[in-house]
Amino acid sequence: FFFSSRRRHTRFLPVSWARRCVQETAIISELKVQIPSEETATQIALSNQTSATLAVATYKKVLFYSENAEKYDVEILRSILPTALEWHPFLPVLAIGWETGLISLWNDETKAVKEDTNVHQAAITVIVFHQAGSRMVACDEKGKVSVWKGLNCISVYQKENAITNCIFANLDFSDNAVDKSKSSRNYLFFFGGRGGVVSL
């Protein structure tokens with residue numbers, strides 16, 4: 001994949017890592033990320049930390065690489081397929097959705113993982129964090145949408161079809177500076193999927 005200083009772009013196969021751009025120009029240089037020969041990369045996610053970490057999902061693992069394309073010794077191994085990856089906007093925390101509905105929160109600093117198996121029973125299709133990092137939304141193949149604060153589920157919605165897209169609305173209805181400071185805590189989000197309906 002490659003990215004510029006203004007906007008990150010991703011290409012999934014082959015998996016390679018680009019160095020950070022120093023200026024506003026979209027200079028591209030690639031470093032090859034070595035995936036074990038028996039593995040195939042299915043998804044990638046890049047953290048927003050100063051020293052970025054690349055998470056690479058394969059069929060039963062999540063692998064981690066430094067910004068110099070060096071593989072870390074740590075990996076997350078399950079007997080199931082990881083189906084969604086999303087880094088927290090500013091904390092070193094990776095949310096991982098799995099094909100069984102398992103949701104994992106991996107802390108890249110402590111190397112600890114917290115997990116929930118109670119809310120979703122179908123493959124996680126989407127995970128997205130609010131820009132302030134205080135809410136997370138997860139969606140699955142059977143139309144369930146869950147809202148999280150940390151690893152505590154605070155609300156659940158059920159639709160008829162698989163949810164494939166979700167984005168926080170980031171709407172600003174304010175007229176003054178005090179109200180604008182609260183707009184970052186607006187937790188409205190859009191979601192939609194195979195049913196062809198977008199909900200707010």
What about the rings of Phe191 and Phe189, do their centers lie closer together than 6.0 Å?
yes

My understanding is that only residues two or more places apart in sequence, or in another chain, count here; which of them pass side chain to side chain contact (heavy atoms under 4.5 Å, CB included) with Ala95?
Leu105, Ile127, Phe129, Met136

Does anything in residues 148-168 form a side-chain hydrogen bond (donor to acceptor under 3.5 Å, both in side chains)? List the pairs, not counting sequence neighbours.
Ser146-Trp148

With sequence neighbours left out, what residues match Glu99 under salt bridge (charged side-chain N to carboxylate O under 4.0 Å, His left out)?
none

Going hydrophobic residue to hydrophobic residue with side-chain gaps under 4.5 angstrom, can you get from Ile80 over to Val62?
yes

Kindly indicate whether the side chain of Leu85, heavy atoms from C-beta on, has any atom under 4.5 Å from the side chain of Ile44.
no

To the nearest 0.5 Å, atom SG of Cys153 lies from atom CG of Asp116 at 7.5 Å

Co-membership, hydrophobic cluster, residues Leu94 and Phe90, 4.5 Å side-chain:
no

Hey, does the side chain of Thr58 reach the backbone of Thr40 with a donor-acceptor pair shorter than 3.5 angstrom?
no

By salt bridge (charged side-chain N to carboxylate O under 4.0 Å, His left out), Lys111 pairs with (sequence neighbours left out) Asp108

Tightest non-hydrogen contact, residues Pro82 and Gln43, listed as O-NE2, 4.2 Å

Passes side-chain contact (heavy atoms from CB on, under 4.5 Å), Val126 versus Val137? Steps please.
CA-CA 8 Å; Val126 179; Val137 175; over 6 Å; no

Check whether more than 12 heavy atoms from other residues, nucleotides or ligands sit under 6.0 Å from atom CD1 of Ile167, and answer yes or no.
no

Tyr72 side chain near Thr53 side chain, heavy-atom distance below 4.5 Å
yes

Those residues at least two apart in sequence (or on a different chain) that pass side chain to side chain contact (heavy atoms under 4.5 Å, CB included) with Thr117 are Leu102

If you link ILVMFWY side chains whenever their heavy atoms are less than 4.5 Å apart, which other residues fall into the same cluster as Leu77? By chain and number, please.
none

Checking Lys71 side chain against Gln34 main chain: does a donor-acceptor pair fall under 3.5 Å?
no

Report the distance from atom CD1 of Ile163 to atom CD1 of Ile124, rounding to the nearest 0.5 Å.
12.0 Å

Distance-only, no hydrogens or angles: does the Asn48 side chain make a donor-acceptor pair with backbone N or O of Pro89 under 3.5 Å?
yes

Using the test ring-ring contact (aromatic ring centres under 6.0 Å, His included), find all partners of Phe64 that sit at least two apart in sequence or belong to another chain.
Trp106

Do Lys61 and Ile76 come close enough that some side-chain heavy atom pair is under 4.5 Å?
no

Among pairs that include at least one residue of residues 76-95, which meet side-chain hydrogen bond (donor to acceptor under 3.5 Å, both in side chains), considering only residues two or more places apart or in two chains?
Arg78-Glu115

Quick one: list whatever passes side chain to side chain contact (heavy atoms under 4.5 Å, CB included) with Pro36, sequence neighbours left out.
Glu38, Glu39, Leu63, Tyr65

Short side-chain to backbone donor-acceptor contact, Gln121 and Asn118, under 3.5 Å
yes

What distance do Leu188 atom CG and Phe168 atom CZ have between them, rounded to the nearest 0.5 Å?
9.5 Å

Same apolar cluster (I L V M F W Y, side chains within < 4.5 Å links), Val113/Val119
no

Any side-chain to backbone donor/acceptor pair from His130 onto Ala132? Under 3.5 Å, distance only.
yes

Write out all pairs satisfying salt bridge (charged side-chain N to carboxylate O under 4.0 Å, His left out) with one or both partners inside residues 120-135, taking only residues at least two apart or from two chains.
none

Apart from Tyr59 itself, what residues make up its hydrophobic cluster when side-chain heavy atoms of I, L, V, M, F, W and Y under 4.5 Å apart count as a link, directly or indirectly?
Leu81

So, the side chain of Ser47 versus the backbone of Pro92: is there a donor-acceptor pair under 3.5 Å, distance only?
no

Is there a path from Ile96 to Leu151 through hydrophobic residues (I, L, V, M, F, W, Y) whose side chains come within less than 4.5 Å of each other?
no

